[in-house]
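This one's a predicted model, so the numbers in the text were calculated from it and none came from an experiment. In what follows, chains are A, B, ... by sequence order, proteins preceding strands, each numbered from 1.
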There are 2 protein chains.
Amino acid sequence: MQSVSKSTLKRLPIYLHYLKTLVPLDQQNISATQISQALGLGEVLVRKDLASISNGGRPKIGYEVHALIATLEDYLGVGKVSKAVIVGVGRLGQALMMYKGFGEFGLEIVAGFDVRPSPGVGGKPVYDVKSLSSLLPQMGASIGIITVPAAVAQDVADELIRAGVKGIWNFSPVHIVVPQAVAVKNENLAASLAVLSKQIK
Amino acid sequence: MQSVSKSTLKRLPIYLHYLKTLVPLDQQNISATQISQALGLGEVLVRKDLASISNGGRPKIGYEVHALIATLEDYLGVGKVSKAVIVGVGRLGQALMMYKGFGEFGLEIVAGFDVRPSPGVGGKPVYDVKSLSSLLPQMGASIGIITVPAAVAQDVADELIRAGVKGIWNFSPVHIVVPQAVAVKNENLAASLAVLSKQIK
DNA sequence: CCGTATTCGATAAAAACATATCGATACACG
DNA sequence: CGTGTATCGATATGTTTTTATCGAATACGG
(Lines give C-alpha, C1' and ligand atoms only; values in the text may rest on other atoms or scores of the structure.)
Protein backbone atom coordinates (compact mmCIF):
# COMPACT_ATOMS: atom_id res chain seq x y z
CA MET A 1 0.00 0.00 0.00
CA GLN A 2 2.65 2.52 -0.92
CA SER A 3 2.27 5.48 -3.20
CA VAL A 4 0.92 4.93 -6.68
CA SER A 5 2.80 6.23 -9.68
CA LYS A 6 1.11 8.14 -12.43
CA SER A 7 1.56 5.42 -14.99
CA THR A 8 0.20 2.82 -12.61
CA LEU A 9 -2.78 5.04 -12.01
CA LYS A 10 -3.48 5.07 -15.72
CA ARG A 11 -3.74 1.30 -15.73
CA LEU A 12 -5.91 0.83 -12.68
CA PRO A 13 -9.15 1.69 -14.46
CA ILE A 14 -8.24 -0.81 -17.14
CA TYR A 15 -7.79 -3.53 -14.58
CA LEU A 16 -11.05 -2.58 -12.97
CA HIS A 17 -12.93 -2.77 -16.22
CA TYR A 18 -11.40 -6.09 -17.09
CA LEU A 19 -12.19 -7.56 -13.71
CA LYS A 20 -15.79 -6.56 -14.09
CA THR A 21 -16.05 -8.64 -17.22
CA LEU A 22 -15.13 -11.67 -15.12
CA VAL A 23 -17.95 -11.30 -12.66
CA PRO A 24 -20.65 -12.77 -14.92
CA LEU A 25 -18.41 -15.75 -15.55
CA ASP A 26 -18.45 -16.66 -11.87
CA GLN A 27 -14.69 -16.72 -11.71
CA GLN A 28 -13.70 -16.41 -8.09
CA ASN A 29 -9.98 -15.90 -8.43
CA ILE A 30 -7.59 -14.43 -10.95
CA SER A 31 -3.84 -14.56 -11.30
CA ALA A 32 -1.62 -11.69 -12.32
CA THR A 33 -0.41 -13.91 -15.15
CA GLN A 34 -3.91 -14.21 -16.52
CA ILE A 35 -4.54 -10.48 -16.33
CA SER A 36 -1.27 -9.68 -18.03
CA GLN A 37 -2.06 -11.97 -20.93
CA ALA A 38 -5.56 -10.65 -21.39
CA LEU A 39 -4.42 -7.04 -21.42
CA GLY A 40 -1.10 -7.49 -23.19
CA LEU A 41 1.01 -6.15 -20.34
CA GLY A 42 4.04 -7.50 -18.56
CA GLU A 43 3.31 -10.04 -15.89
CA VAL A 44 5.51 -8.38 -13.31
CA LEU A 45 4.08 -5.00 -14.09
CA VAL A 46 0.59 -6.16 -13.28
CA ARG A 47 1.73 -7.70 -10.04
CA LYS A 48 3.51 -4.54 -9.05
CA ASP A 49 0.51 -2.39 -9.86
CA LEU A 50 -1.80 -4.58 -7.85
CA ALA A 51 0.63 -4.74 -4.96
CA SER A 52 0.52 -0.98 -4.66
CA ILE A 53 -3.18 -0.90 -3.84
CA SER A 54 -4.35 -4.35 -2.80
CA ASN A 55 -3.44 -6.34 0.23
CA GLY A 56 -2.06 -9.24 -1.65
CA GLY A 57 -2.94 -12.36 -3.50
CA ARG A 58 -2.34 -15.95 -2.60
CA PRO A 59 0.20 -18.19 -4.28
CA LYS A 60 -1.24 -20.80 -6.61
CA ILE A 61 -4.64 -19.08 -6.36
CA GLY A 62 -4.22 -15.47 -7.33
CA TYR A 63 -6.36 -12.55 -6.27
CA GLU A 64 -9.94 -12.73 -5.16
CA VAL A 65 -11.93 -11.05 -7.90
CA HIS A 66 -14.60 -9.38 -5.83
CA ALA A 67 -12.22 -8.12 -3.20
CA LEU A 68 -9.96 -6.68 -5.86
CA ILE A 69 -12.81 -4.91 -7.58
CA ALA A 70 -13.91 -3.44 -4.30
CA THR A 71 -10.39 -2.24 -3.54
CA LEU A 72 -10.00 -0.66 -6.96
CA GLU A 73 -13.36 1.05 -6.79
CA ASP A 74 -12.58 2.35 -3.38
CA TYR A 75 -9.20 3.65 -4.43
CA LEU A 76 -10.45 5.26 -7.61
CA GLY A 77 -13.25 6.87 -5.70
CA VAL A 78 -16.11 5.23 -7.54
CA GLY A 79 -19.21 6.12 -5.62
CA LYS A 80 -17.87 9.47 -4.55
CA VAL A 81 -19.25 11.10 -7.66
CA SER A 82 -17.51 14.17 -9.05
CA LYS A 83 -19.59 16.65 -10.94
CA ALA A 84 -18.42 18.23 -14.16
CA VAL A 85 -19.54 20.80 -16.67
CA ILE A 86 -18.74 20.93 -20.35
CA VAL A 87 -17.84 24.19 -22.03
CA GLY A 88 -18.32 24.08 -25.76
CA VAL A 89 -21.26 21.98 -26.81
CA GLY A 90 -20.28 21.28 -30.38
CA ARG A 91 -20.14 17.81 -31.81
CA LEU A 92 -17.47 16.62 -29.46
CA GLY A 93 -19.05 18.25 -26.44
CA GLN A 94 -22.39 16.68 -27.30
CA ALA A 95 -20.79 13.30 -27.65
CA LEU A 96 -19.28 13.54 -24.21
CA MET A 97 -22.54 14.71 -22.70
CA MET A 98 -24.27 11.67 -24.11
CA TYR A 99 -21.52 9.21 -23.32
CA LYS A 100 -22.60 6.61 -20.79
CA GLY A 101 -19.24 5.26 -19.71
CA PHE A 102 -18.22 7.97 -17.28
CA GLY A 103 -20.59 6.94 -14.56
CA GLU A 104 -18.62 3.76 -14.11
CA PHE A 105 -15.71 5.84 -12.90
CA GLY A 106 -17.61 8.31 -10.84
CA LEU A 107 -18.18 11.29 -13.09
CA GLU A 108 -21.46 13.03 -13.58
CA ILE A 109 -21.83 15.70 -16.19
CA VAL A 110 -24.38 18.10 -14.83
CA ALA A 111 -24.58 20.78 -17.50
CA GLY A 112 -23.13 22.32 -20.60
CA PHE A 113 -22.20 25.86 -21.53
CA ASP A 114 -22.03 27.29 -25.01
CA VAL A 115 -22.28 30.55 -26.87
CA ARG A 116 -25.47 29.12 -28.29
CA PRO A 117 -27.63 27.83 -25.44
CA SER A 118 -30.02 25.03 -26.25
CA PRO A 119 -32.92 23.43 -24.42
CA GLY A 120 -30.80 20.43 -23.54
CA VAL A 121 -28.59 17.61 -24.67
CA GLY A 122 -29.07 14.16 -23.25
CA GLY A 123 -31.44 15.50 -20.64
CA LYS A 124 -28.91 18.05 -19.39
CA PRO A 125 -29.29 21.79 -19.75
CA VAL A 126 -27.01 23.92 -21.90
CA TYR A 127 -26.61 27.44 -20.60
CA ASP A 128 -25.13 30.55 -22.09
CA VAL A 129 -21.41 30.63 -21.51
CA LYS A 130 -21.77 34.18 -20.20
CA SER A 131 -23.52 32.85 -17.13
CA LEU A 132 -20.77 30.40 -16.31
CA SER A 133 -19.28 32.26 -13.39
CA SER A 134 -22.65 32.90 -11.82
CA LEU A 135 -24.11 29.43 -12.24
CA LEU A 136 -21.13 27.21 -11.66
CA PRO A 137 -20.63 27.68 -7.92
CA GLN A 138 -24.15 26.56 -7.03
CA MET A 139 -23.77 23.47 -9.21
CA GLY A 140 -20.91 22.18 -7.13
CA ALA A 141 -18.94 21.03 -10.14
CA SER A 142 -15.26 20.42 -9.52
CA ILE A 143 -14.24 19.52 -13.06
CA GLY A 144 -14.44 21.56 -16.23
CA ILE A 145 -14.30 19.91 -19.62
CA ILE A 146 -13.10 22.12 -22.44
CA THR A 147 -14.30 21.34 -25.95
CA VAL A 148 -14.09 24.77 -27.49
CA PRO A 149 -11.97 25.90 -30.43
CA ALA A 150 -8.28 26.43 -29.74
CA ALA A 151 -8.49 30.20 -29.91
CA VAL A 152 -10.63 30.56 -26.81
CA ALA A 153 -9.48 27.54 -24.82
CA GLN A 154 -7.20 29.48 -22.52
CA ASP A 155 -9.85 32.08 -21.81
CA VAL A 156 -12.36 29.41 -20.92
CA ALA A 157 -9.83 27.69 -18.68
CA ASP A 158 -9.13 30.93 -16.84
CA GLU A 159 -12.80 31.49 -16.29
CA LEU A 160 -13.37 27.96 -15.07
CA ILE A 161 -10.57 28.32 -12.57
CA ARG A 162 -11.91 31.63 -11.38
CA ALA A 163 -15.25 29.95 -10.87
CA GLY A 164 -13.57 27.41 -8.66
CA VAL A 165 -13.01 24.17 -10.55
CA LYS A 166 -10.25 21.91 -9.27
CA GLY A 167 -9.52 20.06 -12.47
CA ILE A 168 -9.65 20.66 -16.19
CA TRP A 169 -10.00 18.11 -18.94
CA ASN A 170 -8.84 19.80 -22.09
CA PHE A 171 -9.85 18.50 -25.51
CA SER A 172 -8.71 21.50 -27.47
CA PRO A 173 -5.47 21.14 -29.40
CA VAL A 174 -3.59 23.74 -27.37
CA HIS A 175 -1.69 23.41 -24.16
CA ILE A 176 -3.31 25.25 -21.29
CA VAL A 177 -1.43 27.08 -18.58
CA VAL A 178 -2.89 26.85 -15.10
CA PRO A 179 -1.91 27.48 -11.49
CA GLN A 180 -0.28 24.58 -9.72
CA ALA A 181 -3.29 23.95 -7.54
CA VAL A 182 -5.38 22.98 -10.56
CA ALA A 183 -5.01 19.61 -12.25
CA VAL A 184 -5.04 19.44 -16.03
CA LYS A 185 -5.32 16.52 -18.37
CA ASN A 186 -4.71 17.31 -21.99
CA GLU A 187 -6.44 15.06 -24.46
CA ASN A 188 -4.98 16.21 -27.72
CA LEU A 189 -6.64 13.93 -30.24
CA ALA A 190 -4.72 15.29 -33.19
CA ALA A 191 -1.45 14.58 -31.40
CA SER A 192 -2.46 11.04 -30.56
CA LEU A 193 -3.28 10.52 -34.14
CA ALA A 194 0.07 11.76 -35.30
CA VAL A 195 1.76 9.22 -33.08
CA LEU A 196 -0.29 6.47 -34.59
CA SER A 197 0.35 7.61 -38.14
CA LYS A 198 4.05 7.69 -37.48
CA GLN A 199 4.07 4.18 -36.06
CA ILE A 200 2.54 2.93 -39.24
CA LYS A 201 5.23 4.76 -41.17
CA MET B 1 18.69 13.88 -36.55
CA GLN B 2 18.82 10.82 -34.37
CA SER B 3 15.98 8.57 -33.35
CA VAL B 4 12.92 10.10 -31.80
CA SER B 5 11.54 8.80 -28.54
CA LYS B 6 7.88 8.10 -28.09
CA SER B 7 7.33 10.92 -25.66
CA THR B 8 9.07 13.34 -27.98
CA LEU B 9 6.83 12.18 -30.78
CA LYS B 10 3.81 13.05 -28.70
CA ARG B 11 5.01 16.61 -28.37
CA LEU B 12 5.93 17.27 -31.99
CA PRO B 13 2.36 17.87 -33.13
CA ILE B 14 1.96 20.33 -30.29
CA TYR B 15 5.00 22.26 -31.44
CA LEU B 16 3.72 22.21 -34.97
CA HIS B 17 0.36 23.57 -33.98
CA TYR B 18 1.92 26.30 -31.89
CA LEU B 19 4.30 27.32 -34.66
CA LYS B 20 1.42 27.68 -37.05
CA THR B 21 -0.16 30.22 -34.78
CA LEU B 22 2.96 32.35 -35.23
CA VAL B 23 2.78 32.53 -39.00
CA PRO B 24 0.07 35.20 -39.16
CA LEU B 25 2.11 37.30 -36.76
CA ASP B 26 4.97 37.49 -39.23
CA GLN B 27 7.44 36.29 -36.66
CA GLN B 28 10.48 35.03 -38.52
CA ASN B 29 12.38 33.35 -35.72
CA ILE B 30 11.53 31.63 -32.48
CA SER B 31 13.64 30.57 -29.55
CA ALA B 32 13.31 27.35 -27.63
CA THR B 33 12.84 29.47 -24.53
CA GLN B 34 9.83 31.15 -26.02
CA ILE B 35 8.27 27.88 -27.06
CA SER B 36 8.84 26.33 -23.67
CA GLN B 37 7.13 29.20 -21.92
CA ALA B 38 4.16 29.24 -24.25
CA LEU B 39 3.56 25.52 -23.85
CA GLY B 40 4.57 25.14 -20.23
CA LEU B 41 7.40 22.69 -20.87
CA GLY B 42 11.01 22.62 -19.79
CA GLU B 43 13.28 24.78 -21.88
CA VAL B 44 15.88 22.09 -22.33
CA LEU B 45 13.25 19.56 -23.20
CA VAL B 46 12.04 21.65 -26.10
CA ARG B 47 15.56 22.13 -27.35
CA LYS B 48 16.26 18.45 -27.17
CA ASP B 49 13.06 17.59 -29.00
CA LEU B 50 13.80 20.03 -31.77
CA ALA B 51 17.38 18.88 -32.03
CA SER B 52 16.19 15.37 -32.79
CA ILE B 53 14.43 16.41 -35.98
CA SER B 54 15.67 19.79 -37.11
CA ASN B 55 19.08 20.82 -38.30
CA GLY B 56 19.64 23.35 -35.64
CA GLY B 57 18.91 26.86 -34.58
CA ARG B 58 21.21 29.78 -34.23
CA PRO B 59 22.34 31.27 -30.93
CA LYS B 60 20.74 34.58 -30.07
CA ILE B 61 18.30 34.09 -32.92
CA GLY B 62 16.52 30.81 -32.44
CA TYR B 63 14.91 28.66 -35.08
CA GLU B 64 13.54 29.86 -38.36
CA VAL B 65 9.79 29.44 -38.08
CA HIS B 66 8.96 28.43 -41.63
CA ALA B 67 11.82 26.00 -41.92
CA LEU B 68 10.87 24.39 -38.64
CA ILE B 69 7.26 24.02 -39.69
CA ALA B 70 8.33 22.44 -42.94
CA THR B 71 10.62 20.02 -41.13
CA LEU B 72 7.91 19.02 -38.67
CA GLU B 73 5.33 18.56 -41.37
CA ASP B 74 7.71 16.49 -43.37
CA TYR B 75 8.62 14.33 -40.42
CA LEU B 76 5.04 13.82 -39.29
CA GLY B 77 4.04 12.98 -42.81
CA VAL B 78 1.57 15.79 -43.29
CA GLY B 79 0.72 15.87 -46.93
CA LYS B 80 0.96 12.13 -47.27
CA VAL B 81 -2.66 11.80 -46.26
CA SER B 82 -3.72 8.62 -44.51
CA LYS B 83 -7.25 7.47 -44.99
CA ALA B 84 -9.33 6.14 -42.15
CA VAL B 85 -12.73 4.62 -41.55
CA ILE B 86 -14.80 4.80 -38.39
CA VAL B 87 -16.60 1.75 -37.10
CA GLY B 88 -19.42 2.64 -34.76
CA VAL B 89 -21.20 5.82 -35.72
CA GLY B 90 -22.77 6.64 -32.39
CA ARG B 91 -22.36 9.98 -30.70
CA LEU B 92 -18.63 9.72 -30.38
CA GLY B 93 -18.16 8.35 -33.87
CA GLN B 94 -20.24 11.16 -35.30
CA ALA B 95 -18.22 13.73 -33.43
CA LEU B 96 -15.01 12.37 -34.86
CA MET B 97 -16.45 12.28 -38.36
CA MET B 98 -17.36 15.94 -38.10
CA TYR B 99 -14.17 17.03 -36.41
CA LYS B 100 -12.15 19.40 -38.56
CA GLY B 101 -8.79 19.19 -36.82
CA PHE B 102 -7.52 15.93 -38.27
CA GLY B 103 -6.75 17.26 -41.69
CA GLU B 104 -4.03 19.40 -40.20
CA PHE B 105 -2.14 16.24 -39.33
CA GLY B 106 -2.80 14.30 -42.45
CA LEU B 107 -5.81 12.18 -41.67
CA GLU B 108 -8.85 11.93 -43.86
CA ILE B 109 -11.89 10.05 -42.67
CA VAL B 110 -13.47 8.58 -45.76
CA ALA B 111 -16.43 6.65 -44.41
CA GLY B 112 -18.22 5.20 -41.44
CA PHE B 113 -19.62 1.79 -40.70
CA ASP B 114 -22.43 0.98 -38.32
CA VAL B 115 -25.08 -1.61 -37.69
CA ARG B 116 -27.50 1.10 -38.64
CA PRO B 117 -26.43 2.64 -41.95
CA SER B 118 -27.44 6.21 -42.59
CA PRO B 119 -27.38 8.48 -45.62
CA GLY B 120 -24.34 10.27 -44.33
CA VAL B 121 -22.65 12.21 -41.57
CA GLY B 122 -20.69 15.32 -42.40
CA GLY B 123 -20.90 14.54 -46.09
CA LYS B 124 -19.41 11.09 -45.61
CA PRO B 125 -21.30 7.87 -46.21
CA VAL B 126 -22.16 5.41 -43.44
CA TYR B 127 -22.32 1.84 -44.63
CA ASP B 128 -23.60 -1.32 -43.04
CA VAL B 129 -20.91 -2.88 -40.89
CA LYS B 130 -21.57 -6.19 -42.62
CA SER B 131 -20.04 -4.84 -45.79
CA LEU B 132 -16.85 -3.75 -44.10
CA SER B 133 -14.61 -6.48 -45.44
CA SER B 134 -15.86 -6.07 -48.98
CA LEU B 135 -15.75 -2.27 -49.15
CA LEU B 136 -12.68 -1.45 -47.16
CA PRO B 137 -9.98 -2.68 -49.55
CA GLN B 138 -11.13 -0.50 -52.41
CA MET B 139 -11.22 2.55 -50.13
CA GLY B 140 -7.52 2.31 -49.48
CA ALA B 141 -7.94 3.11 -45.79
CA SER B 142 -4.99 2.19 -43.60
CA ILE B 143 -6.44 3.23 -40.26
CA GLY B 144 -9.52 1.95 -38.47
CA ILE B 145 -11.14 3.96 -35.72
CA ILE B 146 -13.16 1.96 -33.22
CA THR B 147 -16.01 3.68 -31.44
CA VAL B 148 -18.23 0.70 -30.75
CA PRO B 149 -19.33 -0.65 -27.37
CA ALA B 150 -16.76 -2.60 -25.41
CA ALA B 151 -18.43 -5.93 -26.01
CA VAL B 152 -17.75 -5.98 -29.74
CA ALA B 153 -14.56 -3.96 -29.90
CA GLN B 154 -12.26 -6.95 -30.23
CA ASP B 155 -14.41 -8.46 -32.98
CA VAL B 156 -14.36 -5.24 -34.93
CA ALA B 157 -10.61 -4.97 -34.52
CA ASP B 158 -10.13 -8.49 -35.83
CA GLU B 159 -12.25 -7.72 -38.83
CA LEU B 160 -10.43 -4.48 -39.56
CA ILE B 161 -7.12 -6.26 -39.44
CA ARG B 162 -8.37 -8.99 -41.70
CA ALA B 163 -9.46 -6.29 -44.13
CA GLY B 164 -5.95 -4.93 -44.15
CA VAL B 165 -5.69 -1.88 -41.91
CA LYS B 166 -2.24 -1.06 -40.57
CA GLY B 167 -3.29 0.89 -37.51
CA ILE B 168 -6.15 1.00 -35.06
CA TRP B 169 -7.31 3.89 -32.95
CA ASN B 170 -9.37 2.44 -30.19
CA PHE B 171 -11.85 4.55 -28.26
CA SER B 172 -13.64 1.69 -26.58
CA PRO B 173 -12.80 1.14 -22.93
CA VAL B 174 -11.21 -2.27 -23.46
CA HIS B 175 -7.70 -3.19 -24.35
CA ILE B 176 -7.42 -4.72 -27.79
CA VAL B 177 -5.07 -7.53 -28.68
CA VAL B 178 -3.49 -7.36 -32.14
CA PRO B 179 -0.64 -8.89 -34.11
CA GLN B 180 2.67 -7.12 -33.80
CA ALA B 181 2.51 -5.78 -37.32
CA VAL B 182 -0.49 -3.63 -36.47
CA ALA B 183 -0.15 -0.42 -34.49
CA VAL B 184 -2.71 0.36 -31.82
CA LYS B 185 -3.39 3.52 -29.88
CA ASN B 186 -5.82 3.13 -27.04
CA GLU B 187 -7.73 6.23 -26.12
CA ASN B 188 -9.52 5.16 -23.01
CA LEU B 189 -11.45 8.26 -22.02
CA ALA B 190 -12.81 6.77 -18.86
CA ALA B 191 -9.31 5.92 -17.72
CA SER B 192 -8.01 9.40 -18.45
CA LEU B 193 -10.81 10.74 -16.41
CA ALA B 194 -10.01 8.53 -13.48
CA VAL B 195 -6.49 9.88 -13.45
CA LEU B 196 -7.78 13.41 -13.35
CA SER B 197 -10.28 12.66 -10.60
CA LYS B 198 -7.59 11.10 -8.51
CA GLN B 199 -5.27 14.05 -8.92
CA ILE B 200 -7.94 16.29 -7.53
CA LYS B 201 -8.35 13.86 -4.61
C1' DC C 1 2.15 -36.84 4.20
C1' DC C 2 5.54 -35.26 0.86
C1' DG C 3 7.16 -33.54 -3.62
C1' DT C 4 6.07 -30.49 -7.46
C1' DA C 5 4.25 -26.85 -10.04
C1' DT C 6 2.40 -22.43 -9.79
C1' DT C 7 2.16 -17.89 -8.25
C1' DC C 8 3.29 -14.19 -5.29
C1' DG C 9 6.42 -10.46 -3.47
C1' DA C 10 10.74 -8.22 -3.09
C1' DT C 11 15.13 -6.83 -4.65
C1' DA C 12 18.11 -5.65 -8.33
C1' DA C 13 19.20 -4.27 -12.93
C1' DA C 14 18.08 -1.82 -17.13
C1' DA C 15 15.91 1.46 -19.87
C1' DA C 16 13.52 5.58 -20.78
C1' DC C 17 12.80 10.14 -19.65
C1' DA C 18 13.40 14.69 -17.64
C1' DT C 19 16.31 18.20 -15.57
C1' DA C 20 20.60 20.56 -14.61
C1' DT C 21 25.03 22.45 -15.90
C1' DC C 22 28.54 24.35 -18.93
C1' DG C 23 31.10 25.92 -22.78
C1' DA C 24 30.50 27.84 -27.50
C1' DT C 25 28.53 30.94 -30.75
C1' DA C 26 26.54 34.99 -32.76
C1' DC C 27 24.39 39.24 -32.59
C1' DA C 28 23.75 43.94 -30.09
C1' DC C 29 25.61 47.82 -28.28
C1' DG C 30 28.76 51.03 -26.86
C1' DC D 1 36.53 46.55 -32.14
C1' DG D 2 35.76 44.56 -27.68
C1' DT D 3 32.33 43.26 -24.13
C1' DG D 4 27.88 41.51 -22.73
C1' DT D 5 23.93 38.75 -23.28
C1' DA D 6 20.87 35.55 -25.18
C1' DT D 7 20.59 31.11 -27.00
C1' DC D 8 22.17 26.80 -28.78
C1' DG D 9 24.16 22.01 -28.28
C1' DA D 10 26.32 18.57 -25.61
C1' DT D 11 27.37 16.14 -21.53
C1' DA D 12 26.15 14.72 -17.04
C1' DT D 13 23.06 13.79 -13.32
C1' DG D 14 18.81 12.42 -11.23
C1' DT D 15 14.23 10.50 -11.47
C1' DT D 16 10.76 7.58 -13.00
C1' DT D 17 9.18 3.43 -15.13
C1' DT D 18 9.78 -1.09 -16.87
C1' DT D 19 11.87 -5.57 -17.05
C1' DA D 20 14.50 -9.37 -15.03
C1' DT D 21 15.76 -12.50 -11.32
C1' DC D 22 15.18 -15.13 -7.14
C1' DG D 23 13.43 -17.06 -2.98
C1' DA D 24 9.22 -18.19 -0.36
C1' DA D 25 4.63 -19.73 0.17
C1' DT D 26 0.77 -22.60 -0.91
C1' DA D 27 -2.43 -25.78 -3.05
C1' DC D 28 -2.70 -30.01 -5.52
C1' DG D 29 -1.46 -34.82 -7.00
C1' DG D 30 0.18 -38.96 -5.78
Student: Tell me the interatomic distance from B:Q37, atom CD, to D:dA6, atom P, rounded to whole angstroms.
Tutor: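 Atom-to-atom, B:Q37 to D:dA6, this comes out as 12 Å.
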Student: How is B:R58 classified with respect to the nucleic acid when contacts are heavy atoms under 4.0 Å: base, sugar-phosphate, or nothing?
Tutor: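 Sugar-phosphate: the residue B:R58, judged by heavy atoms under 4.0 Å, touches backbone atoms but no base.
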Student: Using a cut-off of less than 4.0 Å, is there contact between a side-chain N or O of A:R47 and OP1 or OP2 of C:dC8?
Tutor: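 Yes, A:R47 has a side-chain N/O under 4.0 Å of OP1/OP2 on C:dC8.
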Student: Check the distance between D:dC8's P and B:D49's CG and give it to me in whole angstrom.
Tutor: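 It works out to 13 Å between those atoms.
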Student: Mapping A:T8 and B:V44 to their closest nucleotides on DNA chain D, which lands nearer the 5' end?
Tutor: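 Final value for this comparison: B:V44.
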Student: Tell me the closest heavy-atom pair linking B:P117 and B:Y127, and the distance in Å.
Tutor: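 Shortest heavy-atom separation between B:P117 and B:Y127 comes out as CB-C, 4.0 Å.
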Student: Would you please confirm or rule out a distance under 4.0 Å between OP1 or OP2 of D:dT17 and any side-chain N or O of A:S5?
Tutor: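 Affirmative; the distance criterion is met.
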Student: Between C:dA18 and B:R11, is there an OP1 or OP2 to side-chain N/O distance shorter than 4.0 Å?
Tutor: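 It does, given that an N or O in the side chain of B:R11 lies less than 4.0 Å from OP1 or OP2 of C:dA18.
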Student: Mind calculating the distance between CD (B:E43) and C1' (D:dC8) to the nearest angstrom?
Tutor: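 Going from B:E43 (CD) to D:dC8 (C1'), I get 10 Å.
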Student: What is the distance from NZ of A:K60 to P of D:dA27, rounded to the nearest Å?
Tutor: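 Between P of D:dA27 and NZ of A:K60: 10 Å.
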Student: Roughly how many Å is it from CD1 in B:I53 to C1' in D:dG9, rounded to a whole number?
Tutor: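 Nearest whole value for this atom pair: 15 Å.
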Student: Does A:I61 or A:S7 map to a spot on DNA chain D nearer the 5' end, using the closest nucleotide for each?
Tutor: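 The answer here is A:S7.
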Student: Answer yes or no: are there more than 12 heavy-atom neighbours, outside A:K124 itself, under 6.0 Å from its atom NZ?
Tutor: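 Enclosed.
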Student: State whether a side-chain donor-acceptor pair under 3.5 Å links B:Y15 with B:D49.
Tutor: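 Yes, because at least one side-chain N or O of B:Y15 sits under 3.5 Å from a partner of the opposite role on B:D49.
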Student: In whole Å, what is the span from the NZ atom of A:K48 to the P atom of D:dC22?
Tutor: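 Checked: the NZ to P distance equals 19 Å.
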Student: Does the ring of B:Y75 carry A:K198 above it, NZ/CZ under 6.0 angstrom from centre and within 45° of its axis?
Tutor: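 Checked: cation-pi criterion met.
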Student: Tell me whether B:T147 contacts the main-chain N or O of B:F171 through its side chain, where contact means a donor paired with an acceptor under 3.5 Å.
Tutor: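 Such a contact is absent between B:T147 side chain and B:F171 backbone.
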Student: Rounded to whole angstrom units, what separation is found between the NZ atom of B:K6 and the C1' atom of D:dT17?
Tutor: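 Atom NZ in B:K6 sits about 12 Å away from atom C1' in D:dT17.
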Student: Round to the nearest Å and state the distance from A:Q28 atom CD to D:dA27 atom P.
Tutor: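 Atom-to-atom, A:Q28 to D:dA27, this comes out as 16 Å.
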